[in-house]
Number of protein chains: 4
Amino acid sequence: MAGSVNKVILIGNLGADPEIKRTQDGRPIANLRIATSESWRDRTSGERKERTEWHRVVIFNEGLCKVVEQYLKKGSKVYVEGQLQTRKWTDQNGVEKYSTEVVLQNFNSTLTMLDGRNSGGGGNFGPDDAGSGFGSGSPSGAAPRRAAPASSHRGDMDDDIPF
Amino acid sequence: MAGSVNKVILIGNLGADPEIKRTQDGRPIANLRIATSESWRDRTSGERKERTEWHRVVIFNEGLCKVVEQYLKKGSKVYVEGQLQTRKWTDQNGVEKYSTEVVLQNFNSTLTMLDGRNSGGGGNFGPDDAGSGFGSGSPSGAAPRRAAPASSHRGDMDDDIPF
Amino acid sequence: MAGSVNKVILIGNLGADPEIKRTQDGRPIANLRIATSESWRDRTSGERKERTEWHRVVIFNEGLCKVVEQYLKKGSKVYVEGQLQTRKWTDQNGVEKYSTEVVLQNFNSTLTMLDGRNSGGGGNFGPDDAGSGFGSGSPSGAAPRRAAPASSHRGDMDDDIPF
Amino acid sequence: MAGSVNKVILIGNLGADPEIKRTQDGRPIANLRIATSESWRDRTSGERKERTEWHRVVIFNEGLCKVVEQYLKKGSKVYVEGQLQTRKWTDQNGVEKYSTEVVLQNFNSTLTMLDGRNSGGGGNFGPDDAGSGFGSGSPSGAAPRRAAPASSHRGDMDDDIPF
DNA sequence: TTTT
DNA sequence: TTTT
């Protein structure tokens, strides 16, 4: 369909250490549980109330999975941008179940660490550059124009995509 | 929790006419089914493929529900901005189920019609102004500053929230 | 116009302490300078490069201005959500100038603190509740449904907007 | 910097036909003028008011530029997702000027047509697939997982990026 | 002018 | 300069 957008943006904390699994052919899949909370003052009672929402985040990208594995842990605060997907599965009793997840897979997906506590670099993912395209957020991997001379062969989107 | 964001942005088409229900005390709740699609060319086969995702959108807002009721129908294209919420319920067999929905409820929620086919006004919601704050999108209900004289008592956020 | 969206989302750090001014009739206006940065590895040289972008953020909302005044300072990390506005003005030499700013004014605007360093509460804005609707991010001020009994008169958007 | 986000989302109409220029080395750059509008009812006068904001959108991507050239024209409605950049230049009188633009360049950029009027396909960009990764919106170019067998070598982000 |  |  033309003209479709499916985007989720979350900022929250990991409720547990990430789980990294591998497909049969060796590609990693990272699973995160992220909590977002909202608080408000109840209008009738005047009490402060809070509500926490838990999100399942699934990452199908090798570079991002490395970042997750190396830098994220229970309590880490992250920004994630992905898309909604609902998956159907059958449990051991033959009951159909649905799970809706925030999937980071394609080129519009982003994961950014928002606390520097977990790594020395706080998003600076080291010399192997594993996470260079993703770990430092949505702008990563982008080549700023104008910094480069107009006649240069770089500064183009084609050039700097790290995956 | 401080520093939490939970935001979903969808552009898609209604797969069916909206369902409007009412709570016991008479407040409306609108349910939408929205499809988003993505297409891509398979790298190995070279075939064009397509995948459609269906989203449950629930609207807890009287003004927005009126807009939905009056202008949206099967096939309408909309922009919605809301938040993810997962609801637990028990089916008739006593099995626990979960449903993840995009909820439009608070002041950060938006619904915008993206086709003019369904109404003469295409988002211009008539003299009763039922939808004035929502139907024309996120900026609606906002008072542009600078258009108003600096000494005016309006132009403030307090003044023009229509709900 | 129907079907219009104008939204900016930034996560960055304040390059200076906020400036708070007041209109003639006493309403506050906060100005922030926010830096966002992107880094990438140059494809030809292999060097790591970085580029910083500076944004002007203007806040026309009393509650948000209080939060800014109390908790933000040079170096603070924030999430802001607002809209793009370009303003024309004439300098002292009679030259026309344009300034494009990220404006937080209407009900779709959000400001969230992303570091707890600046306040004990890290977004928990105390008993006077000055920032209750904004400081804890986009979901704030929202009334979670379903937590409230279905027959309650609250849980509606109308009820809990704090401004 | 770690933890930085710079994102603009617009839905609006083109105020003029796109302008496509080329760099010295032949890469295309598309310039769009996009209008977004907001309307509200003035609280004191009760009048309906409207305000239009004009945005400069610059596209540094060959595939996206082809889509723009082929399908967009004055009046077209589009969804764009890019980042804010302010550019400094000196006019013919030696006066320094600044221009803030919404730049679509990197892998997080998106352009989606929201009206089908301009093309038969309404985002279906033909056999040469020029726009396949962009024209159908943010999810485009993504390989849905789970549709592919788990042992497959595709379904990975690496596989289907069209640029 | 921030941050890493 | 768009759109409704």
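Note that these values count all heavy atoms, side chains included, but never hydrogens, waters or copies made by symmetry. Numbered from 1 within each chain, the chains take letters A, B, ... in sequence-line order.
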Please give, in whole Å, the distance from F:dT3 P to D:R48 CZ? 20 Å
Base of E:dT2, side chain of C:T52 - is there a donor-acceptor contact under 3.5 Å? yes
So which nucleotide from F:dT1, F:dT2, E:dT1 ends up closest to the side chain of C:A16? E:dT1
Among F:dT1, E:dT1, E:dT2, which nucleotide has an atom closest to any side-chain atom of C:A35? E:dT2
What is the distance from CD1 of D:I11 to P of F:dT2, rounded to the nearest Å? 20 Å
Looking at every heavy atom in both C:C65 and C:I59, which two are closest together, and how far apart are they? SG-O, 3.4 Å
If I take atom OH in residue A:Y79 and atom P in nucleotide E:dT3, what distance separates them, rounded to the nearest angstrom? 22 Å
Length of the line joining B:M113:CE and F:dT3:C1', which is rounded to integer Å: 13 Å
Charged N to carboxylate O below 4.0 Å: is that the case for C:E96 and C:K88? yes
Hey, are C:R48 and C:E50 close enough for a salt bridge, meaning a charged N less than 4.0 Å from a carboxylate O? no
By nearest atom, which of the nucleotides E:dT1, E:dT3, F:dT2 is closest to the C:R33 side chain? E:dT1
How long is the line joining CD of C:E19 and P of E:dT1, in whole Å? 15 Å
Can you measure C:D115 atom CG to E:dT2 atom C1' for me and round it to whole angstrom units? 11 Å
Presence of salt bridge, C:D42 and C:K49, under 4.0 angstrom: yes
Tell me the interatomic distance from B:L114, atom CG, to F:dT3, atom C1', rounded to whole angstroms. 12 Å
Where the side chain of C:E50 is defined as all heavy atoms beyond and including C-beta, which of E:dT1, E:dT3, F:dT3 is the nearest nucleotide? E:dT3
How many whole angstroms separate atom NZ of D:K77 from atom C1' of F:dT2? 10 Å
